[in-house]
Participant: 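What follows is a structure written as structure tokens; I'll ask about it next.
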Amino acid sequence: MGITRRGFLQASALTGGGLLIGFQIPAAEARTAPVAEDAFAPNAWVRIGPDGTITAVVGSSEMGQGVMTAIPMLLAEELEADWSRIQAEFAPADAAYTNPIIGQQLTGGSTAVRGFWTPVREAGAAARMMLVAAAAQRWGVEENACVASQSEVIHEASGRRLGYGELATDAAKQPVPEAVFLKESDDFNLLGTAQKRLDTPRKCDGRAVFAQDIKRPKMLSAVVQRCPVFGGTRKGFDAESARQIKGVVDVLPLHEDAVAVLAETWWPAEQARKRLKIDWDFAGHGDLSSADISRQFEQAVDSGNSVRAEGDVAAALQGAAKILEATYEVPYLAHACMEPMSCVAEVSDDGCDIWVGTQAQTRTQDTGMEITGLPREQVRVHSQFLGGGFGRRSEQDFVRDAVALAKQTGRPVKVIWSRRHLRCRDFRPPSPCSARAIPLAEQRERGLQSARKCHEALQMRAILINLEA
């Protein structure tokens, strides 16, 4: 783990036990807000202000699953923080917040708590050690004579106390520890308890910000009309009637399969979209129906390849007294996020800024880089709350629309996809499954017969061994 003897002794002196971890959590290259000079920000996950307010920086996306509370709880547990002083904010797109399970900054698969279980606790433990070291230095006592509890460092012998806010400036001058000890689960005070969600008050009083809430100077609103058939492309369009609507600024071709209407606000853009006359090339799929798709699936299942085989399935089915057969088919299913896809992008000489409720900050940054040609450090992702995700918000199509239009117009652009005219773009694909099985009772009987034969064989082998002996 690269831990020196001094680092081991320093970590050991401040804990009664636990798991020793080599501490390598980096500071973030970018931050959602500037850090005050008198604040304590030892790593990417935590900031402590001089007033004692503790800000947990959350690298995952909050879409109702509670990660905006769970991640701060991990931090607060090892930091020995007063939970009432904890607040949370979203992290920028930054390698420091890479989910160790997924390998990028992405929220999905129920991996946020599992992925950050150790790194965030390490960050809290390291910050706590630096605060204790600062207090001990100020009092002129040994660090192991001090303990941290409820956002205070206490010198047990004298009863002297210093709050984390009072220690913030001095703690920032302490070296980051090489190693930390993490608590055993039996020593948890906060984890495993029921806590009110930190984001609930904001969602109740309107302070929670979603991408649709973002406003930028000279911002345009965009509505996109896409080809209604997958794989189709735009051959041409007539926007004369659409341009007549008051408030419409421009109508532009977008990618190869869409037309975008830009207006001062969303409503005129949506009304203008209805007047667009677009000539589509459906690439031979214009007449494709659900029945056609089902038939294609049926043919594919019959001619498909086996990906896993255990035992002689064909023989088992051939000798079965009865076979059960069933086909299950799932149609197109709407993701139906409560909040439609939306994104705000702004491209300037200073870089590219993207305000979006996304599950995939790394991919969003990659999208900005691809379209603008800017280096990673100049593409800034400002994560917002998500009105539902379900994996849909890890996709980049709606982000790509906003960034491309912002680059093309030279103005900030807000893209909002309404469900009504983009139904073909917001669905999970259909899926079939055919199954053949032997009834469970017959499987059990076959299993018992096999077990009896196995038992008889073992008995015979035992008799032979005894005879040889």
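Below, each value reflects all heavy atoms present in this structure, side chains not excepted, and no hydrogens, waters or symmetry copies.
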Participant: Could you check if a side-chain atom of Q396 sits within less than 4.5 angstrom of a side-chain atom of V399, using non-hydrogen atoms only?
Facilitator: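 Sidechains of V399 and Q396: in contact.
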
Participant: Under a 4.5 Å cut-off applied to non-hydrogen side-chain atoms, are I214 and Q212 in contact?
Facilitator: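 Result no, sub-4.5 Å side-chain heavy-atom pair not found.
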
Participant: Check the side chains of Q195 and T193 for a donor-acceptor pair under 3.5 angstrom, ignoring hydrogens and angles.
Facilitator: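 On atom types as modelled, these side chains qualify, holding a pair under 3.5 Å.
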
Participant: In Å and rounded to the nearest 0.5 Å, what is the CG to CD1 distance from D366 to I371?
Facilitator: 11.0 Å

Participant: What is the minimum heavy-atom distance between C227 and W280, and which atoms define it?
Facilitator: N-CH2, 3.3 Å

Participant: Does a side-chain N-to-carboxylate-O contact under 4.0 Å join R243 and D250?
Facilitator: yes

Participant: Within this structure, what is the CG-CG distance for the pair D281 and D257, rounded to the nearest 0.5 Å?
Facilitator: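 Going from the CG atom of D281 to the CG atom of D257 covers 11.5 Å.
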
Participant: Sorted by first residue and then second, give each side chain to side chain donor-acceptor pair (under 3.5 Å) pair with at least one member in residues 227-238; sequence neighbours left out.
Facilitator: none

Participant: Got E346 and V413 here, is their nearest side-chain heavy-atom distance under 4.5 Å?
Facilitator: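 Counting from C-beta outward, E346 and V413 never come under 4.5 Å.
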
Participant: By the definition side chain to side chain donor-acceptor pair (under 3.5 Å), identify the one residue from Q378, R216, R380 that meets it with D353.
Facilitator: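 Exactly one pass, corresponding to R380.
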
Participant: Go through the structure and list residues passing ring pair (Phe, Tyr, Trp, His ring centres under 6.0 Å) with F116, not counting sequence neighbours.
Facilitator: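 Applying ring pair (Phe, Tyr, Trp, His ring centres under 6.0 Å) to F116 gives W45.
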
Participant: Are more than 12 heavy atoms, taken from residues, nucleotides or ligands other than D205, located less than 6.0 Å from that residue's CG atom?
Facilitator: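 It does: D205 CG has more than 12 such atoms within range.
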
Participant: Shortest non-hydrogen contact from A88 to R202?
Facilitator: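 Smallest heavy-atom distance, with atoms named: O-NH2, 3.3 Å.
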
Participant: Inspect the contact between R273 and E270 and indicate whether a charged nitrogen and a carboxylate oxygen are less than 4.0 angstrom apart.
Facilitator: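 Salt bridge present between E270 and R273.
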
Participant: Is the shortest heavy-atom distance from the side chain of L276 to the side chain of V261 under 4.5 Å?
Facilitator: yes

Participant: Would you find more than 12 non-hydrogen atoms of other residues, nucleotides or ligands less than 6.0 Å from E298 atom CD?
Facilitator: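 It does not: E298 CD has 12 such atoms or fewer within range.
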
Participant: Within this structure, what is the CD-OG distance for the pair E80 and S149, rounded to the nearest 0.5 Å?
Facilitator: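 Going from the CD atom of E80 to the OG atom of S149 covers 6.0 Å.
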
Participant: Measure the NZ-OG distance between K407 and S348 for me, rounded to the nearest 0.5 Å.
Facilitator: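 Going from the NZ atom of K407 to the OG atom of S348 covers 13.5 Å.
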
Participant: For A300, which residues count as a side chain to side chain contact (heavy atoms under 4.5 Å, CB included) partner, sequence neighbours excluded?
Facilitator: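 Listed in chain order: nothing, the list is empty.
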
Participant: Does some side-chain heavy atom of L254 sit less than 4.5 Å from a side-chain heavy atom of V259?
Facilitator: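 Answer no - side chains too far apart.
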
Participant: Would you call D397 and R400 a salt bridge, taking side-chain N to carboxylate O under 4.0 Å as the test?
Facilitator: no

Participant: Hey, are E395 and R363 close enough for a salt bridge, meaning a charged N less than 4.0 Å from a carboxylate O?
Facilitator: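 Here E395 does not pair with R363 in a salt bridge, since their nearest N and O are not under 4.0 Å apart.
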
Participant: Is the shortest heavy-atom distance from the side chain of P201 to the side chain of R207 under 4.5 Å?
Facilitator: yes

Participant: Between the side chain of Q105 and the main-chain N/O of D94, is any donor-acceptor distance below 3.5 Å?
Facilitator: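 Checking the backbone N and O of D94 against the side chain of Q105, a donor-acceptor pair under 3.5 Å is found.
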
Participant: How far does CE of M338 sit from CG of L386, to the nearest 0.5 angstrom?
Facilitator: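 Between M338 CE and L386 CG, I get 12.5 Å after rounding to 0.5 Å.
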
Participant: Test salt bridge (charged side-chain N to carboxylate O under 4.0 Å, His left out) on R197 and D199; report intermediate values, then the result.
Facilitator: CA-CA 6 Å; R197 292 193 176 188; D199 55 320; 5.2 Å; no

Participant: With sequence neighbours excluded, tell me which residues meet side chain to side chain contact (heavy atoms under 4.5 Å, CB included) with E325.
Facilitator: I323, R436

Participant: Enumerate donor-acceptor pairs with a distance under 3.5 Å from any side-chain N or O in residues 54-75 to protein atoms, sequence neighbours excluded.
Facilitator:
from	atom 1	to	atom 2	distance (Å)
T55	OG1	Q87	NE2	2.9
S61	OG	T358	O	2.5
S61	OG	Q361	NE2	3.0
E62	OE1	G66	N	3.4
E62	OE1	V67	N	2.9
E62	OE1	M68	N	2.7
E62	OE2	G64	N	2.7
E62	OE2	Q65	N	3.2
E62	OE2	G66	N	3.1
Q65	OE1	M63	N	2.8
Q65	NE2	S61	O	2.8
T69	OG1	L198	N	2.9

Participant: To the nearest 0.5 Å, what is the distance between OG1 on T409 and CG on L220?
Facilitator: 5.5 Å

Participant: With no hydrogens and no angle check, is any side-chain donor or acceptor of T111 less than 3.5 Å from a backbone partner on R114?
Facilitator: no

Participant: For the residue pair W117 and F188, does the interplanar ring angle fall in the parallel (under 30°), tilted (30 to 60°) or perpendicular (over 60°) class?
Facilitator: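 Because their plane-to-plane angle is over 60°, the rings of W117 and F188 count as perpendicular.
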
Participant: With side chains defined as the heavy atoms from C-beta onward, is the minimum distance between L252 and Q408 less than 4.5 Å?
Facilitator: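 SC-SC contact between L252 and Q408 confirmed.
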
Participant: With sequence neighbours excluded, what pairs up with Q359 under the side-chain hydrogen bond (donor to acceptor under 3.5 Å, both in side chains) test?
Facilitator: none

Participant: List the steps, then state whether salt bridge (charged side-chain N to carboxylate O under 4.0 Å, His left out) holds for R393 with E339.
Facilitator: CA-CA 11 Å; R393 281 193 158 84; E339 174 201 9; 3.4 Å; yes

Participant: Working note: E329 + T327, criterion side chain to side chain donor-acceptor pair (under 3.5 Å); need CA distance, chi angles, decisive distance, verdict.
Facilitator: CA-CA 7 Å; E329 187 171 344; T327 298; over 6 Å; no

Participant: Can you confirm whether more than 12 heavy atoms, excluding those of K203, are under 6.0 Å from its NZ atom?
Facilitator: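 More than 12 heavy atoms, drawn from other residues, nucleotides or ligands, come within 6.0 Å of this atom.
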
Participant: If we only count heavy atoms from C-beta on, is the V381 to P92 side-chain gap below 4.5 Å?
Facilitator: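 No, their side chains stay 4.5 Å or more apart.
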
Participant: If the threshold is 4.0 Å, N to carboxylate O, is there a salt bridge linking E78 and R121?
Facilitator: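 Yes, E78 and R121 are salt-bridged.
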
